[in-house]
Participant: 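My questions all concern the structure below.
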Amino acid sequence: MDVTSPMPYAEAIELALGAQDGRVSGWSLDSDDGRVHYGVDIMPAGSNDDVDVVVDVETKDVRIDD
């Protein structure tokens, strides 16, 4: 996999918002154990706490990190 050209961040944000409704308050591109993933911070309506959503660049798997 080419880590210099991962999935566009807009696609990762779209996938993350499919798993968690709210307003995106930030995002990052990281790698861990050879896996590249986006971390998307989403602020649900009526909440003061961000929800961390992780999107795997290669598999497009989405999980909420709690």
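What you see is a predicted model; the values in this text were computed from it and never measured.
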Participant: Looking at every heavy atom in both P44 and Q20, which two are closest together, and how far apart are they?
Facilitator: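 In this case the closest contact between P44 and Q20 is CG-NE2, 3.6 Å.
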Participant: If I compare all heavy atoms of P8 with all of Y38, which pair ends up nearest, and what's the gap?
Facilitator: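 That would be C-OH, 3.7 Å.
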Participant: Work out which heavy atom in A19 is nearest to a heavy atom in V62; give both atom names and the distance.
Facilitator: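 Smallest heavy-atom distance, with atoms named: CB-CG1, 3.6 Å.
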Participant: Check for me, please, whether M43 and I64 land in the same ILVMFWY cluster - side-chain distances under 4.5 Å, paths through other members count.
Facilitator: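 Unlinked, M43 and I64 end up in two clusters.
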Participant: Do the side chains of V55 and L17 join up, straight or via other hydrophobic residues, at under 4.5 Å, putting them in one cluster?
Facilitator: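 Hydrophobic grouping puts V55 with L17.
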Participant: Ignoring hydrogens, what is the shortest heavy-atom contact between V40 and A12? Give both atom names and the distance.
Facilitator: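 Here V40 and A12 meet closest at CG2-O, 4.4 Å.
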Participant: To the nearest 0.5 Å, how far apart are CZ in R23 and CG in D50?
Facilitator: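 Answer for the CZ-CG pair, R23 versus D50, is 8.0 Å.
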Participant: Same cluster for I13 and V51 if Ile/Leu/Val/Met/Phe/Trp/Tyr side chains link at under 4.5 Å?
Facilitator: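 Per the 4.5 Å side-chain linkage, I13 and V51 are co-clustered.
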Participant: The test is side chain to side chain contact (heavy atoms under 4.5 Å, CB included); show your working for V53 and L15 and say whether it passes.
Facilitator: CA-CA 9 Å; V53 181; L15 289 168; over 6 Å; no
Participant: Taking only residues two or more places apart in sequence, or in another chain, which ones meet E14 in a side chain to side chain donor-acceptor pair (under 3.5 Å)?
Facilitator: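 Side chain to side chain donor-acceptor pair (under 3.5 Å) list for E14, sorted by chain: empty.
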Participant: Assess, by modelled atom type and distance only, whether the side chains of D30 and S28 contain a donor and an acceptor separated by less than 3.5 Å.
Facilitator: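 Yes, S28 and D30 have a side-chain donor paired with an acceptor closer than 3.5 Å.
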Participant: Measuring from atom CG of D61 to atom CZ of R35, what distance do you get when rounded to the nearest 0.5 angstrom?
Facilitator: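 The CG atom of D61 sits 8.0 Å away from the CZ atom of R35.
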Participant: M7 and V54: same hydrophobic cluster, using ILVMFWY side-chain contacts below 4.5 Å?
Facilitator: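 They do not share one cluster, since no chain of ILVMFWY contacts under 4.5 Å joins M7 to V54.
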